[in-house]
K.L.:
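Quick one: this structure, given as structure tokens, is what I'll be asking you about.
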Number of protein chains: 2
Amino acid sequence: MKPVTNSSHPTIRDVARHAGVSPGTVSRVLNNSPLVKETTRQRVWEVIESLNYTPNLIARRLSLGKSLRIAVIVPFFTRPAEVERLRGVVNHLAHTQYDLVIHNIETPEQRATDLAQIPYREWVDGVLVISLPPEEEFLPRLKTAEVPIVFVDVHHPELRDFDLVNGDDVRGGYLAARHLIDLGHRRIGFIGDLPDHPLGFTSSRDRFEGFRNALAEANIPYDSNYHAESVHGQYLAQMLAEKMLTLPSPPTAIFAASDTQAMGVLTAARHLRIPVPEHLSIIGFDDIQVAEYLGLTTIRQNLYASGKAGVELLLERMIDPKIERRVVEIPNELIIRSTTFPPNS
Amino acid sequence: MKPVTNSSHPTIRDVARHAGVSPGTVSRVLNNSPLVKETTRQRVWEVIESLNYTPNLIARRLSLGKSLRIAVIVPFFTRPAEVERLRGVVNHLAHTQYDLVIHNIETPEQRATDLAQIPYREWVDGVLVISLPPEEEFLPRLKTAEVPIVFVDVHHPELRDFDLVNGDDVRGGYLAARHLIDLGHRRIGFIGDLPDHPLGFTSSRDRFEGFRNALAEANIPYDSNYHAESVHGQYLAQMLAEKMLTLPSPPTAIFAASDTQAMGVLTAARHLRIPVPEHLSIIGFDDIQVAEYLGLTTIRQNLYASGKAGVELLLERMIDPKIERRVVEIPNELIIRSTTFPPNS
DNA sequence: ATGAAAGCGCTAACAG
DNA sequence: CTGTTAGCGCTTTCAT
């Protein structure tokens with residue numbers, strides 16, 4: 001064959017020839033084997049540098065039987081929250097010999113093919129799944145996968161055997177509601193995602209659960225008028241909020257399951273000329289970048305840390321698959337800014 | 001050797017044995033070679049499926065002498081604008097057999113090592129450089145690189161030989177200033193990045209150039225009081241704006257070289273209780289996602305399209321390195337929202 | 001301490 | 001149409 005090989009690159013054999021040693025020795029030098037005479041090592045290194053030789057990673061991978069790659073499977077990776085997690089992943093991985101392959105998932109079909117095939121077809125050494133609950137039918141395959149898999153920000157009862165990195169959405173929702181209740185609010189609305197998201201996201205549902213817990217604890221009865229859900233998005237949240245705020249007895253505070261949706265609520269208030277926070281308190285979730293600009297009170301998740309923790313767990317497990325299973329919890333934090341205030345009526 | 005090979009994977013030889021053919025034939029089947037009998041093809045496919053065989057890409061790469069990977073070198077990839085470009089890249093690449101390796105650059109040192117080494121050490125088949133002007137000393141290496149390199153959003157006089165995808169920042173700046181001038185503004189401020197950015201970004205400078213052109217064309221003299229620069233960032237832009245707006249004769253409009261900086265200007269106006277747009281018009285650049293929420297008038301760059309165009313050029317050149325050099329221009333567009341208005345005085 | 005040689009899984013030239 | 005074979009560049013036993 002005549003491979004379209006990257007042309008003029010010297011190979012390990014060239015180095016060996018120039019240094020008057022065997023390829024094996026050069027390999028040993030490259031891998032810092034202790035069993036090579038100091039003078040030889042020197043000579044080899046000199047040749048390596050004069051030839052500007054760099055090992056071919058692909059050959060190395062094949063020979064080692066390792067791909068030196070990890071895959072990250074992430075939905076809508078341009079969303080602010082996912083990007084921040086990814087940054088944690090990318091930056092941490094930059095110090096290692098591992099490559100990152102990003103699989104962006106935007107439909108259930110994509111998830112199906114990627115989750116099912118990646119561990120096999122792509123020959124990766126590890127997989128990081130972010131924010132993406134697996135479908136039931138793939139669970140068995142995942143459990144018997146030959147490569148380690150770590151889940152970040154996915155809550156699923158069947159993941160008891162995997163390393164996990166999670167924020168506590170239930171607790172986050174509780175913190176948000178608690179804050180409003182402590183301020184004196186009793187009529188509190190919730191705006192979140194539909195519970196049956198095609199990709200099965202659970203965060204909105206869990207945040208709502210925490211929210212309800214806090215209300216129950218404060219003996220505030222659940223009122224379905226104060227509960228609205230739609231497909232994720234700022235504009236739809238705005239519609240829901242406008243409806244809720246024109247109720248005969250509107251809420252004095254609204255908890256949005258994400259900052260994006262909180263922005264929709266802010267717009268609704270502006271349209272209806274309801275002063276925030278004087279007549280309406282608003283709290284979001286995530287603490288995405290604009291939240292600070294908007295002065296939005298919110299629940300912060302340390303997204304960068306969660307991405308970083310995910311790779312760390314994965315790399316450790318790749319080194320030793322038998323270590324005990326770990327669950328890392330990334331704590332949420334209430335960030336009080338200027339959209340929450342005691343109720344006015 | 002005893003490679004930690006991905007354990008139980010069948011190889012091409014297993015398939016061959018089970019199908020009673022040679023590995024070569026299996027390879028031909030896999031690669032859709034026309035020179036294989038239909039019945040054989042069928043039989044081989046059956047075995048492939050029953051064995052759940054999938055080819056080892058690493059071996060394939062080594063044998064082909066191609067890495068089937070492309071590298072993208074991008075600064076601060078979490079910035080909204082870069083993310084959007086990346087999405088164009090990732091989504092377009094998902095349909096191909098190529099992997100993406102992301103190199104996030106945040107310092108000149110990182111750029112130096114990555115730009116210099118990637119084409120060699122990493123064995124990639126192509127490189128996409130986003131928003132990152134090369135340092136002079138690396139230009140020769142880039143020009144003689146063995147792999148195709150495409151630059152997206154980098155303006156540099158020495159890039160005459162490369163495929164390029166660019167927005168026209170000068171024209172964008174012109175459009176922005178022109179819009180303000182057409183509204184009747186004469187005292188127009190500019191807030192942008194420092195011209196000597198360590199990574200050599202040129203966009204702010206070019207936008208300013210277009211801005212000045214428009215002013216000159218309208219016979220508005222340049223006033224250095226209305227010109228302020230600092231390190232990129234919302235808060236610093238806010239400081240500059242506050243200073244500019246408390247001048248004895250403050251500008252009636254401000255052009256910020258990015259939406260992020262425009263947000264700083266908005267904050268400054270709010271602090272100083274200057275009504276926008278009645279007493280102060282503000283126009284930004286980029287049309288990042290929040291711009292719409294804020295009602296910010298801005299210059300839109302079609303970022304997704306630029307990322308996509310970048311990979312397309314790259315893939316085409318990888319197929320045929322001898323095609324004529326191309327320059328794709330992604331047009332800017334003035335998006336008028338509610339932060340610009342005729343001057344009030 | 002070093003060389004020789006086999007092998008990772010695949011492709012492609014060559015022969016038939 | 002198909003089998004055989006060499007080889008991609010590297011690592012790692014096994015000898016010496």
Side-chain angles (χ1 to χ4, degrees), chain A residues 1-44 47-48 51 53-69 97 120-123 125, chain B residues 1-44 47-48 51 53-69 97 120-123 125:
Chain A
M1 60 167 279
K2 186 170 47 96
V4 192
T5 177
N6 246 343
S7 67
S8 56
H9 275 252
T11 74
I12 204 171
R13 255 182 281 273
D14 296 320
V15 177
R17 192 154 25 79
H18 283 255
V21 297
S22 77
T25 300
V26 177
S27 173
R28 280 184 275 262
V29 170
L30 287 170
N31 293 287
N32 295 312
S33 160
L35 351 120
V36 58
K37 211 187 352 178
E38 189 51 32
T39 60
T40 319
R41 179 189 307 282
Q42 299 248 336
R43 191 150 35 93
V44 170
V47 175
I48 286 176
L51 255 49
Y53 164 80
T54 52
N56 180 325
L57 289 182
I58 301 196
R60 183 143 197 279
R61 279 156 215 229
L62 180 58
S63 184
L64 285 171
K66 297 171 54 166
S67 67
L68 302 182
R69 312 194 311 162
Q97 59 179 335
Y120 308 87
R121 198 172 68 97
E122 296 287 339
W123 248 57
D125 297 331
Chain B
M1 61 165 276
K2 186 171 47 102
V4 192
T5 177
N6 247 342
S7 65
S8 57
H9 273 250
T11 75
I12 203 169
R13 254 180 282 273
D14 297 320
V15 177
R17 193 154 26 80
H18 284 254
V21 298
S22 77
T25 300
V26 178
S27 173
R28 278 184 278 262
V29 169
L30 287 169
N31 293 287
N32 294 314
S33 160
L35 349 123
V36 59
K37 213 191 345 183
E38 190 51 32
T39 60
T40 318
R41 178 189 308 283
Q42 298 248 338
R43 190 152 33 92
V44 170
V47 174
I48 287 177
L51 256 48
Y53 164 79
T54 52
N56 179 325
L57 289 183
I58 300 195
R60 184 145 195 277
R61 280 157 216 231
L62 180 58
S63 183
L64 284 171
K66 296 172 54 165
S67 68
L68 303 182
R69 312 195 312 164
Q97 58 180 333
Y120 307 87
R121 199 172 67 97
E122 294 288 338
W123 248 57
D125 297 330

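So you know, we letter chains A, B, ... as the sequences are listed, proteins then strands, and number each from 1. Because the structure is predicted, anything quoted here is derived from the model rather than measured.
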K.L.:
Has A:Thr40 got a side-chain N or O lying under 4.0 Å from the OP1 or OP2 atom of C:dT2?
P.N.:
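A:Thr40 to C:dT2 OP1/OP2: side-chain N or O found under 4.0 Å.
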
K.L.:
Report the distance from atom CZ of B:Arg61 to atom P of D:dG7, rounded to the nearest whole Å.
P.N.:
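To the nearest whole Å, that distance equals 24 Å.
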
K.L.:
Using a strict heavy-atom distance below 4.0 Å, which residues from residues 25-35 of chain B are in contact with DNA chain D?
P.N.:
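Those residues are B:Thr25, B:Arg28, B:Leu35.
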
K.L.:
With sequence neighbours left out, write down each residue that passes side-chain hydrogen bond (donor to acceptor under 3.5 Å, both in side chains) with B:Arg43, or none if nothing qualifies.
P.N.:
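Listed in chain order: nothing, the list is empty.
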
K.L.:
Given A:Ile12 and A:Leu30, is the side chain to side chain contact (heavy atoms under 4.5 Å, CB included) satisfied, shown in steps?
P.N.:
CA-CA 10 Å; A:Ile12 204 171; A:Leu30 287 170; 4.3 Å; yes

K.L.:
Separation of A:Arg13 atom CZ from D:dC10 atom P, in whole Å?
P.N.:
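My rounded result for the distance is 8 Å.
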
K.L.:
Is a side-chain N or O of A:Asp125 found less than 3.5 angstrom from the main chain of A:Leu68, in a donor-acceptor match?
P.N.:
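Yes; at least one donor-acceptor contact below 3.5 Å.
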
K.L.:
Just grab all the salt bridge (Lys or Arg N to Asp or Glu O under 4.0 Å) pairs involving residues 12-33 of chain A, residues at least two apart or on different chains.
P.N.:
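Sorted result for residues 12-33 of chain A: A:Asp14-A:Arg17.
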
K.L.:
Within the structure provided, determine whether B:Thr11 and B:Asn56 are in side-chain contact (heavy-atom separation under 4.5 Å).
P.N.:
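SC-SC contact between B:Thr11 and B:Asn56 ruled out.
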
K.L.:
What is the distance from CG of A:Leu64 to C1' of C:dG9, rounded to the nearest Å?
P.N.:
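Distance, rounded to whole Å: 14 Å.
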
K.L.:
Taking OP1 and OP2 of D:dT11, is either one under 4.0 Å from a side-chain nitrogen or oxygen of A:Ser63?
P.N.:
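Looking at the OP1 and OP2 atoms of D:dT11, neither is under 4.0 Å from any side-chain N or O of A:Ser63.
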
K.L.:
C:dG7 C1' sits how many Å from B:Ile12 CD1, rounded?
P.N.:
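In whole Å, C:dG7 C1' lies 16 Å from B:Ile12 CD1.
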
K.L.:
Quick check: on DNA chain D, is the nucleotide nearest B:Ala59 upstream (toward 5') of the one nearest B:Pro23, or the reverse? Name the residue that is more 5'.
P.N.:
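Its nearest nucleotide lies further toward 5', so the answer is B:Pro23.
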
K.L.:
Could you check how far NZ of A:Lys66 sits from C1' of C:dG9, rounded to whole Å?
P.N.:
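Distance, rounded to whole Å: 18 Å.
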
K.L.:
B:Asn56 CG to C:dT11 P: how many Å, rounded?
P.N.:
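It works out to 10 Å between those atoms.
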
K.L.:
Tell me every residue that passes side-chain hydrogen bond (donor to acceptor under 3.5 Å, both in side chains) with B:Ser33, counting only those two or more places apart in sequence or in another chain.
P.N.:
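Scan of B:Ser33 (side-chain hydrogen bond (donor to acceptor under 3.5 Å, both in side chains), adjacent residues dropped) gives none.
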
K.L.:
Would you say the side-chain atoms of B:Arg60 and B:Asn31 include a donor-acceptor pair closer than 3.5 Å?
P.N.:
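Yes, a side-chain donor-acceptor pair sits under 3.5 Å.
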
K.L.:
Any side-chain heavy-atom pair from B:Arg61 and B:Arg69 closer than 4.5 angstrom?
P.N.:
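Yes, side chains in contact.
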
K.L.:
Using atom CG of A:Leu62 as one end and atom P of C:dC8 as the other, report the distance to the nearest whole Å.
P.N.:
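Going from CG in A:Leu62 over to P in C:dC8 covers 9 Å.
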
K.L.:
Are A:Val21 and A:Thr40 packed together at the side-chain level, in the sense that at least one heavy-atom pair is separated by less than 4.5 angstrom?
P.N.:
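Yes, at least one pair of side-chain atoms sits under 4.5 Å.
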
K.L.:
If the cut-off is 4.0 Å, is A:Thr11 near the phosphate of D:dG9, judged by side-chain N/O to OP1 or OP2?
P.N.:
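It does not, given that no N or O in the side chain of A:Thr11 lies less than 4.0 Å from OP1 or OP2 of D:dG9.
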
K.L.:
What bend angle does the helix from C:dA1-D:dT16 to C:dG16-D:dC1 show across its length, from five-pair end axes and to the nearest 10 degrees?
P.N.:
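Taking five pairs per end, the axes differ by 40°.
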
K.L.:
How many Å lie between CG on B:Asp14 and P on C:dG9, as a whole number?
P.N.:
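It works out to 9 Å between those atoms.
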
